[in-house]
Structures are given as C-alpha cells and as structure tokens.
Amino acid sequence: MKPLVLLSTDPVLLGQLQSAFARSAPQVPVVLADDPAACEAEVAACWFPPAGSLGALPNLKLIHSVAAGVDHLANDPHLPALPICRVVDPAHRQGMAEYVRWAVTHYHRDFDLAMAQQQRQQWLRHPQRPAGDFHVGIMGLGSLGGAIATELAAAGYAVRGWARSEKRLDAVRTFAGPAEFDGFLDGLDLLVNLLPLTAATRGILCRDTFQALAPGAAVVNCGRGQHLQADDLIAAVSSGRLRGAVLDVFEKEPLPLDNRLWTTPGIVITPHMASCASHACIAQQVAENVRRLEAGEPLLNRVDPTLGY
Ligand code: NDP
C-alpha cells in the first residue's frame, strides 16, 4: 500500500494522528512531509496544511480533511484540483449537541442574567419562560445542524432551521436559500450558526442579521470565525440590541490577547472546543477512503467543489 502523508502546521496534532493511525488503522503506512517516501503518497490527510505542501506531492490523488470543515485547506493557496473528502463523526454530532444545548439553556433560563447579577450581589428572579415560547434558529441543517434542530424541537423549543436546499425535519420550521433568510431570522430569540465557511456564508453574522432578531436576542457561533463581523457583534451587544453571544470559533485562533471580544461584557469565549472528531474515527474514516480509492469505489463524505462544502 502507498503511504499516506499527514500535513499540518500543528506538530502536536501530527503526533496524535500518527499514534491514532498506528492504533486504529495499522494497515495504512503513515509518513510526514519530510519523509522521502512522502512523494509516493496518493492521499494527504490535512489540518491547515503548510502553504505549497499539497502541490509538492507529485502522485497525490485525494486530499482528506481530518475535520468536518474543509475551509482550512485554503491555508495552501496552491491547492491542487483533486477530490476532497471530510470526516463526519457521529460523536461530533453528540459533542456539538451538548455545546449548543448548554448555550440554549444559558439564555432560555437566564443564567447569563443570574451570573451578571452575582457580580452585583443582586437577588432578582425573572419570570420563567416556557421552552415553546423561546424561538431558536439553526443556520445550517447538515450533519450537525439537522440533528441539533430536531433534538431542540423534541425538547420543546420553537425551532426554525435554514439551509441552502429545502428540508423536512420533525417539528422544525424550515427555510431555504437567500429568499427565505429574512423570514427565518424574524424575531428569533437565539441564533445558532452551524454553516460551513464558503464565499456565500462569509460575514453572514453581521449588523443586518442581528437587526432582524428579537430585541435582546443572543447569538451562538460554532461555524467559523470568518462568519462573524466582530465589530458589528461588539456594537450590538454593547448597545443592548443583543443580550450576548457565545463564540467558539475565531478568525485567528488562538484569539489574540488584545481582541476586544475577550473583554466585551456579555460575550462568552470558548477555545474552539464545541466538538472534535475522535482521532480513532479520523484514522478509520481516512483509511476507509484510502481503501476505496485503491479499489476504485465511490469515496465517502466527498466535498462538492462548486459549493465549497
Ligand atoms: P454539512 O456540510 O453537513 O452541512 C452544512 C449545512 O449548511 C447544510 O445544511 C447546507 O445546506 C447549509 N449551507 C451551506 N451553504 C449554505 C448557504 N449558502 N445558505 C444556506 N445554507 C447553507 O456540515 P456539518 O453540519 O458537518 O458542519 C457544519 C460546520 O460546522 C463545519 O463546516 C464547520 O465549519 C463547523 N464545525 C465546527 C466545530 C466546532 O468545534 N466549533 C466542529 C465541527 C464543525 P444544504 O443541506 O442545502 O446543502
């Protein structure tokens, strides 16, 4: 079997993935870019591949993201025009659901207000709102957003979902495409972003989007940092138009120390921790696509290059 090459600017991750392949897919020989055998590789498994590294592999046939997203491949400006696949891990869905459930409860049950009150040693109860009166909108109804929308609806929330194409999900009001975006946003109490980063979705969390939500709504960004226009969010939260935001992803990670998002009251920062595919699952899914490539079978979780996800 030809070697698989691991490409990333993160040396810690490279070591973790090498161990994961050795444990969970030992049939696949794995090398790093500086190994002379790398030039034989037909598959590269990547997370932020160094610029130029993919183009330097003469026998490459498949670029595999080790994540759900593929936008990090743009780290290499000379990306060869080859098939791209991504990892879709059921445990990913579970992790993201846990994170989003926490954020929904945080705002629905006014934990944000209680925590701010504690700073002032203020004892104040707010009327309890039924879940059915709390309107949650999920942007992106793919492998993550679709499952989370259905789960929140089953928990009693008033859930809307928005995707590029039409969807049917139990107890979720669905909207499709740019023409239905305003109807989707109108009066939401909480907006959750689970879109992939593409030319069509970059900057979508902006002033106009925030204005369409209910006054005092909140925003959760689990997609990518480039979805958010940070100055618009800081202005909306600082003015009270939005009550707050939970942000997991940032244009530059780690979030630079001088970024105002760190210190704006009402904004919660988490270190891109919403959900990670397990290293074992990454190794198994990449290995399965290596097998399929060699056998000439259709690849799993292939990205549509015209859509960018
Ligand atoms: P999928 O590709 O399965 O789903 C993407 C969804 O977004 C689809 O429903 C798609 O619509 C919709 N969509 C794409 N473009 C548009 C558009 N222009 N307008 C409206 N809807 C659009 O992705 P996943 O659910 O697996 O993951 C989503 C993203 O979550 C990832 O790309 C990644 O950025 C992020 N992520 C973040 C993590 C974290 O820890 N913070 C962890 C994992 C993922 P349609 O169904 O019609 O194609």
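Fair warning: this is a prediction, and the values are worked out from it, not measured in the lab. For ligands, and for the atoms within them, numbers begin at 1 and follow the listed sequence.
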Practice problem: Applying salt bridge (Lys or Arg N to Asp or Glu O under 4.0 Å), run through Arg291 and Glu294 and close with a yes or a no. | Solution: CA-CA 5 Å; Arg291 188 196 67 72; Glu294 292 201 343; over 6 Å; no
Practice problem: Run the numbers on Thr150 and Asp170 for side chain to side chain donor-acceptor pair (under 3.5 Å), then give the verdict. | Solution: CA-CA 6 Å; Thr150 312; Asp170 278 354; over 6 Å; no
Self-check item: Ion pair check, Arg243 and Asp110, cut-off under 4.0 Å
Solution: yes
Quiz item: Are Asp231 and Arg260 ion-paired here, with the side-chain N under 4.0 Å from a carboxylate O?
Solution: yes
Quiz item: Who are the residue neighbours of ligand 1 when the rule is a heavy atom under 4.0 Å from any of its atoms?
Solution: Ala68, Gly69, Arg86, His92, Met96, Gly140, Leu141, Gly142, Ser143, Leu144, Trp162, Ala163, Arg164, Ser165, Lys167, Leu194, Leu195, Pro196, Ala200, Thr201, Cys222, Gly223, Arg224, Asp248, Val249, His272, Ala274, Ser275, Tyr309
Quiz item: When you look at CD of Glu166, are more than 12 heavy atoms from neighbouring residues, nucleotides or ligands closer to it than 6.0 Å?
Solution: no
Quiz item: Around Gln122, counting heavy atoms of other residues, nucleotides and ligands shown, do more than 12 lie under 6.0 Å from its CD?
Solution: yes
